[in-house]
Amino acid sequence: MKLDRLDRAILEQLQKNARLSNQELADLVGLSPSPCWRRVKRLEEIGVIREYVALLEPSQIGVPILAYAQISLDDHRPESVDKFDRFVQSSPQVLECCSLSGQYDYLLKIVCESMEAYETYLSRELLRQTDVRSVNTSFVLNQKKFTTALPIV
């Protein structure tokens, strides 16, 4: 789908503040409210806008520990991969999961309330997955950049 200048402007504004009223958004992108609303609805319907969310401050809700875990599986049979994928989907500590090329099979972004809680999660849940061969964890000391905004090209 090709986005025009106004679609890109709408997306840029909504990534900055999805709580803008239609009137505010229309004013910012130089449209009247009706055409702006129609464009937003079209972007939602075709799946360009996937969802609207509230971004929370992890330390304010009790999960200040952020870790990245590189996972290797014992094998790559479809049933092993499906089982691991179901585990990840059911685990609220896992914010993101990517399957990878290279040395590791998966990269997990994990939050926990403490180092002890991570150790418990690792030993009682993650390493108990029968197809997990190894886990290599790196802990975030200081997050230098965080954004959910994608570049609009």
Side-chain angles (χ1 to χ4, degrees), residues 1-73 76 78 80-118 120-122 125-126 129 132 135-153:
M1 136 123 229
K2 186 155 172 75
L3 302 174
D4 68 15
R5 177 188 63 79
L6 290 169
D7 290 333
R8 289 191 301 275
I10 288 169
L11 294 172
E12 286 176 3
Q13 292 302 321
L14 288 175
Q15 284 192 115
K16 292 176 188 174
N17 182 1
R19 293 184 67 176
L20 290 169
S21 71
N22 184 58
Q23 180 66 58
E24 292 168 324
L25 180 60
D27 291 345
L28 286 169
V29 301
L31 283 171
S32 61
S34 291
C36 183
W37 182 84
R38 283 193 299 273
R39 282 177 176 264
V40 170
K41 288 299 167 202
R42 181 179 53 81
L43 291 167
E44 291 171 350
E45 288 167 4
I46 64 174
V48 173
I49 297 175
R50 198 167 59 191
E51 62 186 304
Y52 299 90
V53 299
L55 299 176
L56 307 179
E57 176 55 45
S59 63
Q60 295 294 316
I61 61 165
V63 288
I65 303 298
L66 177 58
Y68 288 90
Q70 297 167 310
I71 311 293
S72 293
L73 299 182
H76 300 95
S80 299
V81 171
D82 289 346
K83 182 181 173 202
F84 186 76
D85 290 349
R86 284 191 307 276
F87 164 74
V88 165
Q89 291 299 323
S90 69
S91 182
Q93 294 91 337
V94 176
L95 301 182
E96 294 180 37
C97 174
C98 301
S99 60
L100 304 173
S101 63
Q103 182 178 0
Y104 296 99
D105 298 312
Y106 290 94
L107 178 66
L108 304 182
K109 182 178 180 181
I110 300 170
V111 292
C112 285
E113 55 270 14
S114 66
M115 292 298 282
E116 295 80 15
Y118 181 80
T120 300
Y121 175 74
L122 179 66
E125 295 188 45
L126 190 53
Q129 300 305 303
V132 171
V135 178
N136 181 359
T137 304
S138 296
F139 293 96
V140 173
L141 300 176
N142 188 352
Q143 195 170 45
K144 300 294 185 173
K145 180 179 180 180
F146 172 80
T147 184
T148 60
L150 297 173
I152 307 295
V153 292

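Because the structure is predicted, anything quoted here is derived from the model rather than measured. Excluded from the calculations below are hydrogen atoms, water molecules and symmetry mates; all remaining heavy atoms, backbone and side chain alike, are included.
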*What is the minimum heavy-atom distance between Thr147 and Lys145, and which atoms define it?*
CG2-CE, 3.9 Å
*Any side-chain donor-acceptor pair under 3.5 Å between Gln93 and Ser91?*
yes
*Would you say Glu44 and Val40 make side-chain contact, with heavy atoms under 4.5 Å?*
yes
*Using a distance-only test with no angle check, is there a side-chain donor-acceptor pair under 3.5 angstrom linking Gln89 and Asp85?*
no
*Does any non-hydrogen side-chain atom of Tyr118 lie less than 4.5 Å from one of Thr137?*
yes
*Between CG of Asp105 and CG of Leu100, what distance do you get to the nearest 0.5 Å?*
8.0 Å
*Would you mind reporting whether Tyr52 and Leu14 have side-chain heavy atoms less than 4.5 Å apart?*
yes
*How about Tyr121 and Val111: do any of their side-chain heavy atoms sit closer than 4.5 Å?*
no
*Side chains of Leu73 and Val132: closer than 4.5 Å at any heavy-atom pair?*
yes
*What is the distance from atom OG of Ser72 to atom CD of Gln103, rounded to the nearest 0.5 Å?*
6.5 Å
_Please determine whether a side-chain nitrogen of the Lys or Arg among Glu45 and Arg42 lies less than 4.0 Å from a carboxylate oxygen of the Asp or Glu._
no
*Answer yes or no: is there a donor N or O on one side and an acceptor on the other, between the side chain of Ser80 and the main chain of His76, under 3.5 Å?*
no
_Shortest non-hydrogen separation from Cys97 to Val88 and the atoms involved_ = CB-CG1, 3.5 Å
*Using the side-chain contact (heavy atoms from CB on, under 4.5 Å) rule, take Trp37 and Leu25 through it: C-alpha gap first, then chi angles, then the decisive distance, then the call.*
CA-CA 9 Å; Trp37 182 84; Leu25 180 60; over 6 Å; no
*Could you tell me the separation between the CZ atom of Arg39 and the CG atom of Asp7, rounded to the nearest 0.5 Å?*
4.5 Å
_Heavy-atom side-chain proximity of Phe84 to Leu126 below 4.5 angstrom_ = yes
_Closest contact, heavy atoms only, Pro64 versus Glu113_ = CD-O, 3.7 Å
*Side-chain contact test, heavy atoms from C-beta onward, threshold under 4.5 Å: evaluate it for Ile71 versus Gln129 and give yes or no.*
no
*asked:* Using a 6.0 Å cut-off, check whether atom CD of Glu57 has over 12 heavy atoms from anything other than its own residue.
replied: yes
*If you take all heavy atoms of Pro58 and Leu56, which pair is closest and at what distance?*
CD-O, 3.2 Å
_Let me confirm one number: the CD-CG distance from Gln23 to Leu28, rounded to the nearest 0.5 Å._
10.0 Å
_For a quick test of reading the model, state the closest non-hydrogen atom pair linking Ala69 to Ile110 and the distance between them._
CB-CD1, 3.9 Å
*Where is the tightest heavy-atom contact between Asn22 and Pro33, given as atom of each residue plus distance?*
ND2-O, 2.9 Å
*When rounded to the nearest 0.5 angstrom, what distance separates CZ in Phe146 from CG in Leu55?*
5.5 Å
*From Leu43 atom CG to Arg38 atom CZ, the distance as rounded to the nearest 0.5 Å*: 13.0 Å
